[in-house]
Novice: 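So that we are looking at the same thing, I have put the structure below in structure tokens.
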Amino acid sequence: MHLVEEKWDEILLTVKREHELTDISFNTWLKPLKVYDVKDNVITILVPSEQVVLINLLNKKYKLLLQVTICEITGMDECEVKFISP
């Protein structure tokens, strides 16, 4: 198992805490996300089917926050987050 998958809950909670997300925002946008694959520096995140129409919003609002937090927590030099639907 890759470090990103092992620390996924910690990554999400760190984004919530550091960026002062409300419980509603956190539970709506971040908590349902799951790590699908990690290859090299690309982290593919599975977006639940009911949120598929919101992938653009996830890219705009949370992609950079997730990338920075993943790098901080895992020690990766750089990473790219990619959202996919089932």
Novice: For atom CD of Glu50, decide whether the heavy atoms of other residues, nucleotides or ligands shown that lie under 6.0 angstrom number more than 12.
Specialist: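 Result for CD/Glu50: enclosed.
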
Novice: Less than 4.5 Å apart, side chain to side chain, heavy atoms only: is that true for Lys63 and Phe83?
Specialist: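 Contact flag for Lys63/Phe83 side chains = yes.
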
Novice: Treating Ile, Leu, Val, Met, Phe, Trp and Tyr as nodes and any side-chain heavy-atom pair under 4.5 angstrom as an edge, say whether Ile55 and Phe26 lie in one connected cluster.
Specialist: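 Yes.
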
Novice: Is the number of heavy atoms from other residues, nucleotides or ligands within 6.0 Å of OH (Tyr36) greater than 12?
Specialist: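 At most 12 heavy atoms, drawn from other residues, nucleotides or ligands, come within 6.0 Å of this atom.
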
Novice: Roughly how far, to the nearest 0.5 Å, is the CD1 atom of Ile70 from the CG atom of Asn41?
Specialist: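 Here the rounded value is 11.0 Å.
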
Novice: Will you find, in the side chains of Thr28 and Ser25, an N or O donor that is under 3.5 Å from an N or O acceptor?
Specialist: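 There is no such pair between these side chains.
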
Novice: Let me confirm one number: the CD1-CD distance from Ile73 to Glu6, rounded to the nearest 0.5 Å.
Specialist: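 Interatomic distance, Ile73 CD1 to Glu6 CD, rounded to 0.5 Å: 13.0 Å.
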
Novice: Quick one: closest heavy-atom pair of Pro32 and Gln51, and the distance?
Specialist: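 Of all heavy-atom pairs spanning Pro32 and Gln51, the closest is CB-OE1, 3.7 Å.
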
Novice: Heavy atoms only: give me the nearest Asp40-Met76 pair and the separation to one decimal.
Specialist: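 Here Asp40 and Met76 meet closest at O-CE, 4.0 Å.
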
Novice: Quick one: pull up CD in Glu18 and CD in Glu20 and give me the separation to the nearest 0.5 Å.
Specialist: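 Glu18 atom CD to Glu20 atom CD measures 10.5 Å (nearest 0.5 Å).
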
Novice: Quick one: closest heavy-atom pair of Val35 and Glu5, and the distance?
Specialist: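 For Val35 versus Glu5, the nearest heavy atoms are CG1-CG, 3.5 Å.
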
Novice: Give the intermediate values and the outcome of side-chain contact (heavy atoms from CB on, under 4.5 Å) for residues Ile84 and Ile45.
Specialist: CA-CA 6 Å; Ile84 63 165; Ile45 299 175; over 6 Å; no

Novice: Taking C-beta and beyond as the side chain, do Ile24 and Trp29 meet within less than 4.5 Å on heavy atoms?
Specialist: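 They are not in side-chain contact.
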
Novice: Could you give the distance from NZ (Lys34) to CG (Leu46), rounded to the nearest 0.5 Å?
Specialist: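 Rounded to the nearest 0.5 Å, the NZ-CG separation comes to 9.5 Å.
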
Novice: Taking a hydrophobic cluster as the set of Ile, Leu, Val, Met, Phe, Trp and Tyr residues connected by side-chain heavy atoms closer than 4.5 Å, whether directly or through intermediates, do Leu13 and Leu65 fall within one such cluster?
Specialist: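 In one cluster with Leu13: Leu65, yes.
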
Novice: So do the side chains of Leu66 and Ile11 get within less than 4.5 Å of each other, counting heavy atoms only?
Specialist: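 Side chain of Leu66 against side chain of Ile11, heavy atoms only: contact under 4.5 Å found.
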
Novice: So Leu57 and Lys60, do their side chains get closer than 4.5 Å, heavy atoms only?
Specialist: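 Of all side-chain heavy-atom pairs linking Leu57 with Lys60, none is under 4.5 Å.
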
Novice: For Lys7, I'd like to know if atom NZ has over 12 heavy atoms of other residues, nucleotides or ligands within 6.0 Å.
Specialist: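 Atom NZ in Lys7 is not packed in, count stays at 12 or less.
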
Novice: Closest heavy-atom contact between Lys31 and Leu12?
Specialist: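 Minimum heavy-atom separation between Lys31 and Leu12: CA-CD1, 4.3 Å.
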
Novice: Report the C-alpha separation of Gln67 and Leu64 in whole Å, then their side-chain angles, then the decisive distance to 0.1 Å, and conclude whether the side-chain contact (heavy atoms from CB on, under 4.5 Å) test is met.
Specialist: CA-CA 5 Å; Gln67 287 177 176; Leu64 184 59; 4.0 Å; yes

Novice: Ignoring hydrogens and geometry, is there a side-chain-to-backbone donor-acceptor pair from His19 to Leu21 under 3.5 Å?
Specialist: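 Such a contact is absent between His19 side chain and Leu21 backbone.
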
Novice: Show your reasoning for whether side-chain contact (heavy atoms from CB on, under 4.5 Å) applies to Val81 and Tyr62.
Specialist: CA-CA 10 Å; Val81 166; Tyr62 295 107; over 6 Å; no

Novice: Salt-bridge test for Asp37 and Lys82: reply yes if a basic N is under 4.0 Å from a carboxylate O, no otherwise.
Specialist: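 No.
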
Novice: Mind checking the CD-CZ spacing from Glu10 to Arg17? Nearest 0.5 Å is all I need.
Specialist: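 The distance works out to 8.0 Å.
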
Novice: Give the intermediate values and the outcome of side-chain contact (heavy atoms from CB on, under 4.5 Å) for residues Val47 and Leu58.
Specialist: CA-CA 9 Å; Val47 178; Leu58 287 167; 3.8 Å; yes

